[in-house]
Amino acid sequence: QLQLVESGGGLVQPGGSLRLSCAASGFTLNYYAIGWFRQAPGKEREGVSCISISGGVTKYADSVKGRFTISRDNAKNTVYLQMNSLKPEDTAVYYCAAQDLCQTDPYYDMIYWGKGTLVTVSS
């Protein structure tokens with residue numbers, strides 16, 4: 001069974017931090033770039049960040065640059081998204097996806113998708 005599973009979402013106040021995890025079940029992440037995407041109610045899915053297979057290339061949406069950091073730990077078969085200085089507009093369901101290269105285009109043909117984790121930023 002090949003799955004990506006996101007975790008770490010929850011309710012946080014503006015200015016707070018969360019760390020999301022994207023873990024693989026049934027396969028290794030070593031062969032894939034990983035992207036993070038999000039979708040707020042009534043809005044289009046948007047790319048947030050991605051990381052290359054080696055971890056040497058990272059990309060961020062302008063809206064999260066300087067606040068979010070993507071990283072990977074191949075030994076733990078996990079990719080992380082550290083989210084700092086969270087804003088209410090960051091509220092969304094966050095998804096990770098396995099890719100053949102680092103892509104923040106949500107319409108790119110992903111290899112695997114996770115089912116998402118909800119992040120709510122509110123006071």
Side-chain angles (χ1 to χ4, degrees):
Q1 193 171 26
L2 305 180
Q3 297 180 359
L4 290 176
V5 180
E6 303 93 338
S7 62
L11 175 64
V12 64
Q13 293 186 354
S17 298
L18 286 173
R19 188 178 73 165
L20 305 184
S21 297
C22 176
S25 178
F27 66 100
T28 178
L29 291 183
N30 292 355
Y31 299 99
Y32 304 96
I34 298 294
W36 282 99
F37 304 84
R38 66 187 183 187
Q39 188 165 22
K43 295 185 178 180
E44 296 284 340
R45 186 177 298 178
E46 63 177 341
V48 176
S49 183
C50 65
I51 187 166
S52 64
I53 294 170
S54 68
V57 175
T58 58
K59 298 178 181 178
Y60 299 92
D62 288 342
S63 59
V64 307
K65 285 181 180 177
R67 300 189 297 120
F68 291 11
T69 303
I70 192 169
S71 62
R72 66 190 307 155
D73 186 341
N74 287 342
K76 295 183 178 179
N77 209 25
T78 302
V79 171
Y80 303 99
L81 184 68
Q82 178 67 45
M83 306 186 298
N84 299 326
S85 302
L86 284 162
K87 304 174 180 179
E89 52 263 44
D90 295 318
T91 296
V93 176
Y94 284 71
Y95 303 88
C96 65
Q99 312 167 317
D100 58 352
L101 73 163
C102 185
Q103 289 282 344
T104 55
D105 178 2
Y107 297 101
Y108 190 80
D109 190 14
M110 312 299 173
I111 300 169
Y112 304 110
W113 280 100
K115 293 185 177 181
T117 185
L118 177 63
V119 172
T120 302
V121 185
S122 176
S123 59

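Here the structure is a predicted model, which means the values were calculated and not measured. Numbering starts at 1 and runs along the sequence shown.
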Task: Cys102 backbone acceptor or donor facing Lys59 side chain under 3.5 Å - done: yes

- [ ] Kindly indicate whether the side chain of Thr69, heavy atoms from C-beta on, has any atom under 4.5 Å from the side chain of Tyr60.
- [x] yes

- [ ] To the nearest 0.5 Å, tell me how far Ile70 CD1 sits from Thr58 OG1.
- [x] 7.5 Å

Open item on the list: Can you confirm whether Ser49 sits close enough to Leu81 that some side-chain heavy atom of one is under 4.5 Å from a side-chain heavy atom of the other?
Closed with: yes

Open item on the list: Measuring only between side-chain heavy atoms, which start at C-beta, is Trp36 closer than 4.5 Å to Glu6?
Closed with: yes

- [ ] Might you point out which heavy atoms bring Val64 and Val48 nearest each other, and give the distance in Å?
- [x] CG2-O, 3.6 Å

- [ ] Give me the other members of the hydrophobic cluster that Leu118 sits in, counting Ile, Leu, Val, Met, Phe, Trp and Tyr linked by side-chain heavy atoms under 4.5 Å, directly or via other members.
- [x] Phe37, Val93, Tyr95, Leu101, Tyr108, Met110, Trp113

Task: Nearest atoms (heavy-atom pairs only) where Asp90 meets Val121 - done: CB-CG2, 4.3 Å

Identify every side-chain donor-acceptor pair in residues 8-22 under 3.5 Å, counting partners at least two apart or on other chains, and give the distances.
| from | atom 1 | to | atom 2 | distance (Å) |
| --- | --- | --- | --- | --- |
| Ser17 | OG | Asn84 | OD1 | 2.9 |

Open item on the list: How close do Ile53 and Ala33 get, counting heavy atoms only, and between which atoms?
Closed with: CG1-N, 3.4 Å

Open item on the list: Restricting to non-hydrogen atoms, name the atom on Pro106 and the atom on Arg45 that form the minimum distance, rounded to 0.1 Å.
Closed with: CG-O, 3.3 Å

Open item on the list: Rounded at 0.5 Å granularity, tell me how far CG in Asn77 sits from OG1 in Thr28.
Closed with: 4.5 Å

TODO: Of all the heavy-atom pairs spanning Gln103 and Gln99, show the shortest one and how long it is.
DONE: O-NE2, 2.6 Å

Task: Which atom of Gly47 lies closest to which atom of Ala61, heavy atoms considered - done: O-CB, 3.4 Å

- [ ] Start with the C-alpha gap between Ile51 and Tyr80, add the side-chain angles, then the distance that decides, and say whether side chain to side chain contact (heavy atoms under 4.5 Å, CB included) holds.
- [x] CA-CA 10 Å; Ile51 187 166; Tyr80 303 99; over 6 Å; no

Open item on the list: Is the shortest side-chain heavy-atom distance between Ile34 and Arg72 below 4.5 Å?
Closed with: yes

Open item on the list: Taking the basic N atoms (NZ, or NE/NH1/NH2) and the acidic carboxylate oxygens, is any pair closer than 4.0 Å for Glu46 and Arg38?
Closed with: yes

Task: Electrostatic pair Lys65:Asp62 at N-O distance under 4.0 angstrom - done: yes

Task: Pairwise distance CD1(Ile111) to CZ(Phe27) - rounded to 0.5 angstrom - done: 8.5 Å

TODO: Enter the distance from Asp100:CG to Asp109:CG here, rounded to the nearest 0.5 Å.
DONE: 8.5 Å

Open item on the list: So, using side-chain hydrogen bond (donor to acceptor under 3.5 Å, both in side chains) as the criterion, who are the partners of Tyr107 when residues are at least two apart?
Closed with: Glu44

